[in-house]
Asks: 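Please read through the structure below; I'll follow up with questions.
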Amino acid sequence: ELLYNNNFWVPTELGEHYYKKPPFFNWVLLASVWLFGGFSEFALRLPTVLSTIGMGLVIYWLGKKYVNPEFGQINAFLFLVAGGILFYFSTLAEIDLFYSLVTFGSFACLFHFYQTRQFYWLFISCYLLGAIGTLTKGPPSPVFLAFSIGAYFLYKKDFKRLFTLPHFTGIFIYLLIVGGFFFQYQKYHSIPDFLSGLWGQSSEMTVLEQDRFKLVKHLIQFPLDTLKDTLPSTLLIVFAIRKGLWKMLRQNELIAFAVILFLVNIPVYWLSPGSKQRYIYMLYPFLFMTFSWCYLQTRHITDWRSKAFRILSGVLIATLALGTLALNFVPDLDFLSYRLPFSLISFAGLTIVFYIYIRQPRLTLATLILATVIARIVFDLTVLPQRAHNSNAQKDKALAAEISAIVGQEDLYIYQSGRISFTTVYYLDILRRKPLVRNYEQQKEAYYLAPPNWINAPHEKLMEFDYKGTQIVLFRFR
């Protein structure tokens with residue numbers, strides 16, 4: 001819609017002003033669309049994939065430089081194979097991994113330039129990336145900036161550094177970039193309306209906007225979801241269960257930094273019932289660094305921790321291996337002509353990994369990561385084809401084609417406050433080369449989409465379909 005409206009400053013959704021996020025990520029998507037010649041799934045998903053790889057590279061560089069190459073490699077891989085990222089969010093054209101790269105980049109700059117005592121570079125880079133983050137997702141970025149810079153300088157007993165010219169220079173750059181955006185925005189639309197909508201998007205997730213039951217449920221569920229989402233690295237947590245943990249973590253400046261930034265930033269999300277796991281992807285590397293540091297410090301000691309890690313890793317690898325055989329009993333995969341031989345090959349590959357795991361205890365973590373990578377390849381050749389063959393997204397895409405075949409290039413609207421799948425909206429826009437928008441008026445000969453009980457005037461019904469349990473009609477007013 002930015003492109004169609006020829007206005008890159010004021011986002012719209014279905015023709016109405018969109019206040020939930022500023023448009024920086026939309027600009028990134030449009031750049032990819034321009035580079036690859038159109039609105040393809042590849043062009044829109046590529047920024048997510050590159051952001052994921054970029055996160056891995058930054059994590060590796062930090063670990064290599066301030067600990068050792070092995071530490072950098074382990075943590076980069078632990079991020080890339082984290083279950084929620086590897087099997088879900090890295091496959092989508094979503095904002096969160098790009099935003100995580102920008103935000104984690106600011107964390108890396110904060111740490112690196114503090115170590116090298118380059119304070120102009122520290123504040124300029126942090127506030128530059130913070131400004132990009134603000135124009136990407138709004139209020140979370142200044143919160144990350146304030147909490148992270150404040151907490152780390154306080155830890156270093158260097159708080160007076162925040163009242164120096166380098167810091168004020170960084171703040172000036174932040175205000176210049178964000179202020180420049182709002183200067184352009186106000187030429188076309190009301191800034192108070194935009195800020196009100198932006199704040200509403202963020203505040204509706206907080207405890208102030210949720211009931212006590214949701215808060216209690218979230219307090220219990222959020223850490224459990226985090227541990228589930230970060231598998232297989234979660235298994236390393238056993239090495240962090242020990243006396244003198246903080247003393248061990250403080251042995252390295254990067255690990256102390258990781259612990260401080262995780263602890264100072266996580267409460268904002270832990271105490272906000274509307275928070276999702278994808279909102280804290282930029283904090284995941286700090287968990288991995290903490291767990292893997294404890295692992296590397298004590299991996300040669302045979303105790304209950306190493307035994308527990310060995311057993312849990314073996315169970316997970318064996319489960320993945322057996323899961324490949326179970327593919328033959330999933331009805332939704334019946335259409336795959338290669339299912340049986342592929343499942344046997346996958347089982348053989350994971351069995352070899354399990355054999356290495358049994359024979360080489362020192363390679364337990366490596367075999368765990370390798371098994372996860374193989375599981376992703378299995379996912380690519382089974383689940384993704386199934387989604388393309390018969391899934392809700394595929395049905396939405398087919399529905400868009402059916403509606404487009406009926407409507408052609410004639411005017412088509414969402415009637416009043418009606419809703420349909422945004423996947424359908426996207427493919428309708430692509431097929432018709434113009435955006436689907438809302439219309440609150442009864443315009444004769446135009447096409448509309450709405451629930452049938454909303455239509456109180458003579459009309460011609462052309463087709464009907466279901467959206468989340470609600471019947472939606474394609475019709476024309478007579």
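None of these values were measured; they are calculated from a predicted model.
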Asks: Whether the side chain of Q277 engages the backbone of D229 through a donor-acceptor N/O pair (distance < 3.5 Å, no angle test) should be reported.
Replies: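 Checked: no pair found.
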Asks: Indicate, with yes or no, if the rings of W34 and W27 have centres closer together than 6.0 Å.
Replies: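 Centroid distance W34-W27: not below 6.0 Å, so no.
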Asks: Check for me whether R438 meets the cation-pi criterion with Y415, that is, NZ or CZ under 6.0 Å from the six-membered ring centre and within 45 degrees of the ring axis.
Replies: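 Checked: cation-pi criterion not met.
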Asks: Run the ring-centre check on Y281 versus F79 and record whether the distance is less than 6.0 Å.
Replies: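 So the answer is no for these two rings.
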Asks: Verify the ring-centre separation between F107 and F286: is it less than 6.0 angstrom?
Replies: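 Judged by ring-centre distance (under 6.0 Å), F286 and F107 do meet the cut-off.
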Asks: Please report whether the ring centroid of F42 lies less than 6.0 Å from that of F36.
Replies: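 Between F42 and F36, which both carry aromatic rings, the centre distance is below 6.0 Å.
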Asks: For the backbone of S90 and the side chain of T52, can you confirm whether one donor and one acceptor N or O come within less than 3.5 Å of each other?
Replies: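 No, the answer is negative, given that no donor and acceptor are paired below the 3.5 Å cut-off.
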Asks: For L14, is there any backbone N or O sitting under 3.5 Å from a side-chain donor or acceptor partner on E1?
Replies: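 Checking the backbone N and O of L14 against the side chain of E1, a donor-acceptor pair under 3.5 Å is found.
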Asks: When you look at K397 and Q394, which way does the side-chain hydrogen bond (donor to acceptor under 3.5 Å, both in side chains) test go after all the steps?
Replies: CA-CA 5 Å; K397 184 176 181 178; Q394 183 62 28; 5.2 Å; no
Asks: Using the ring centroid of each side chain, check whether F113 and F123 are separated by less than 6.0 Å.
Replies: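 Judged by ring-centre distance (under 6.0 Å), F113 and F123 do not meet the cut-off.
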Asks: I want to check something: taking the side chain as every heavy atom from C-beta on, are L236 and L78 in contact at a cut-off of under 4.5 Å?
Replies: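 They are in side-chain contact.
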Asks: For residues 65-79, which residue pairs pass the salt bridge (Lys or Arg N to Asp or Glu O under 4.0 Å) check, not counting sequence neighbours?
Replies: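 Found E70-R299.
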Asks: Are side-chain heavy atoms of Q297 and Q251 found at a separation under 4.5 Å?
Replies: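 Yes - at least one pair of side-chain heavy atoms lies under 4.5 Å apart.
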Asks: Taking atom types as modelled, find out whether Y127 and S106 have a side-chain donor-acceptor pair closer than 3.5 angstrom.
Replies: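 Absent: no donor and acceptor within the cut-off.
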Asks: Can you confirm if the NZ or CZ of R432 lies within 45° of the ring axis of Y427 and under 6.0 Å from the centre of its six-membered ring?
Replies: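 Not flagged: R432 not positioned over aromatic ring of Y427.
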Asks: Hey, is E253 close enough to K156 for a salt bridge, meaning N to O under 4.0 Å?
Replies: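 Answer for the salt bridge query: yes.
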Asks: Using a strict cut-off of less than 4.0 Å between a Lys/Arg side-chain nitrogen and an Asp/Glu carboxylate oxygen, indicate whether K307 and D303 qualify as a salt bridge.
Replies: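 The answer is no: the pair does not qualify as a salt bridge.
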Asks: Could you pull out every donor-acceptor pair under 3.5 Å between side chains of residues 53-64 and any protein atom, sequence neighbours left out?
Replies:
none

Asks: Can any side-chain N or O of T230 pair as donor or acceptor with the backbone N or O of T226 at less than 3.5 Å?
Replies: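 Yes, because the side chain of T230 sits within donor-acceptor range (under 3.5 Å) of the backbone of T226.
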Asks: Look only at the side chain of K468 and the backbone of S421, and say whether a donor-acceptor pair between them is shorter than 3.5 Å.
Replies: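 Between the backbone of S421 and the side chain of K468 there is no qualifying donor-acceptor contact (under 3.5 Å).
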Asks: Tell me if the centroids of the rings in Y114 and F119 come within less than 6.0 Å of each other.
Replies: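 Yes; F119 has its ring centre under 6.0 Å from that of Y114.
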